[in-house]
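First up is the structure itself, then whatever we jot down about it.
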Amino acid sequence: MTQTTDLKAIADALQRHDRFLVVTHENPDGDALGSLLAITLALRQLGKDAVMYLPGDTPLPREYAFMPLEDLARVAPADAAERVLVAVDCAKEDRIGDDAVRSRAPLVLDIDHHHDNTRFGDVNLIVADASSTGEVLRDLFAELGVELTPELAEPLYIALVTDTGRFQYANTTPKSLRLAAELVEAGADVHAVFQEVYESVEFAKLKLLARALGRAEVLEGGRIVVSHLLRADFAEVGAAEPYSEGIIDYLRAVEGAELAVLVREQLHKSPHAYKGSLRSSIDELDVSVIARSFGGGGHRQAAGFSSSDSLDEIVERIRLGFREQRATSRA
Ligand code: 5GP
Ligand code: MN
């Protein structure tokens, strides 16, 4: 089994094989879906047979419904065991959401930007300082000689604009801004993406946001802002599971907040009752450490986990994790 982080090794593996199964992480975001679509179209441009697969029946977030994902498979294709598995934006193999697919694959390629990626692939391309997996893919496409058509540029732009928080998070670099310009030149439609991704909010999502804001509390003298959503909240406003995405950004924006926390009860069958999202507003706080204490993970500034502890226990554990790091960083 080769263990390498080389761009060329991934490019070689993609060139050598002909049939691929492309996957990403469950509860996919813009980078996940953008990267899934972009690499699939790139492989097809190279004359390969690539199938996109997202296990389960959870509906895709409304904001990504305009993406051309009509042929996204929701059950594994019959020939999955013969296809090289390509995982994008997926830090751990269990986040693919279908264990069988990983164990049966003849070869696994892991392309990501999460610093805590477990390198579960036979070949791994993990670029921790890339803003998004989309940014990693752009360099891979250059290596492969893939042409940046408008159909390819737009999903890469969606990956980039969403994972950088519209080019405002700390991961926004000169490179990511230059890439944005390149993608717009190649045909990505900035305004159309903005309207679909950010200006097509379902009314029920607004009402769900209202509930989360109404329930927001501060801890540690205002340095932690925490809220939660229960199944009943989703049911009463008519919200689907992905509607809670983005709510945490409002909690994080509060003056003096160093840590934002949103815990929501999971609607779909899952081994864990709750899903937690964590955001850090300061360099001294690495929320992936707190997420890992629950078995989750993510980035320094944005991380998540799932848990079956009670809401009070979850919040208390997060508060302790916060204190540990803030005590260390001030020592
Ligand atoms: P979100 O809070 O938006 O769901 O996720 C924020 C970040 O944390 C994402 O980069 C995601 O990859 C990571 N993350 C979220 N949930 C989990 C989880 O259950 N396990 C791991 N390993 N990472 C997660
Ligand atoms: Mn990402």
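All values below come from the heavy atoms of this structure, side chains included, with hydrogens, waters and symmetry mates left out. Here the structure is a predicted model, which is why all the values come from computation and not from measurement. Order of listing sets the numbers, starting from 1, for every ligand and every atom in it.
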Quiz item: Would Arg279 count as a contact of ligand 1 if the rule is a heavy atom under 4.0 Å away?
Solution: yes

Practice problem: Look at ligand 1 and say whether Ala302 reaches it with a heavy atom at a distance under 4.0 Å. | Solution: yes

Quiz prompt | Subset of ligand 1 atoms that lie under 4.0 Å from at least one heavy atom of Gly298 | solution = 8 (O), 13 (C), 23 (N)

Quiz item: When Val86 is tested against each of Leu14, Leu36, Val108, Thr40 for side-chain contact (heavy atoms from CB on, under 4.5 Å), which residue passes?
Solution: Leu14

Exercise. Confirm or rule out an N/O/S atom of Asp89, from backbone or side chain, lying less than 2.8 Å from the Mn ion (ligand 2).
Key: yes

Quiz item: So, for Asp79 and Arg19, which heavy atoms are closest and what is the spacing to 0.1 Å?
Solution: OD2-NH2, 2.7 Å

Quiz prompt | Test applied, side-chain contact (heavy atoms from CB on, under 4.5 Å); reference residue, Ser131; option that passes from Leu179, Thr164, Val161, Asp31 | solution = Thr164

Quiz prompt | Numbered atoms and elements of ligand 1 in range of Ser277, under 4.0 angstrom, heavy atoms | solution = 1 (P), 2 (O), 4 (O)

Quiz item: Closest to the Mn ion (ligand 2), which N/O/S atom of Asp163 is it?
Solution: OD2

Self-check item: Note, Tyr274 side chain near Arg264 side chain (heavy atom, < 4.5 Å)
Solution: no

Quiz prompt | Over all atoms of both residues, closest heavy-atom pair of Arg74 and Leu54 | solution = NE-O, 2.8 Å

Self-check item: Closest approach of Gly187 to Ala153 (non-hydrogen atoms, all atoms of both residues)
Solution: N-CB, 4.5 Å

Self-check item: Heavy atoms from other residues, nucleotides or ligands near OH of Tyr169 exceed 12 (cutoff 6.0 Å)
Solution: yes

Quiz item: Should the pair His17 and Phe20 be assigned to parallel (<30°), tilted (30 to 60°) or perpendicular (>60°) ring geometry?
Solution: perpendicular

Exercise. Using 2.8 Å as a strict upper limit, say whether an N, O or S atom of Asp29 approaches the Mn ion (ligand 2) that closely.
Key: no

Quiz item: When the ring planes of His25 and His114 are compared, do they come out parallel, tilted or perpendicular, using 30° and 60° as the limits?
Solution: perpendicular

Quiz prompt | Nearest neighbour in protein (non-hydrogen) for atom 11 (C) of ligand 1 | solution = Arg95 NH1, 3.6 Å

Quiz item: Starting from atom 9 (C) of ligand 1, which protein heavy atom do you reach first, and at what distance in Å?
Solution: His114 NE2, 4.2 Å

Quiz item: Do any N/O/S atoms of His113 come under 2.8 Å of the Mn ion (ligand 2)?
Solution: yes

Exercise. Using distance alone, determine whether Gly297 and ligand 1 share an N or O pair under 3.5 Å.
Key: yes

Exercise. Can you pull out the closest protein heavy atom to atom 19 (O) of ligand 1? Residue, atom name and distance to 0.1 Å, please.
Key: Lys275 NZ, 3.2 Å

Quiz prompt | Per-atom contacts, ligand 1 versus His299 - under 4.0 Å to a heavy atom | solution = 10 (O)

Quiz item: Any chance NZ of Lys48 has more than 12 other-residue heavy atoms, nucleotides or ligands included, within less than 6.0 Å?
Solution: yes

Quiz item: What is the name of the N/O/S atom in Asp31 that sits closest to the Mn ion (ligand 2)?
Solution: OD2

Quiz item: Are any of the N or O atoms of Gly304 closer than 3.5 Å to those of ligand 1?
Solution: yes

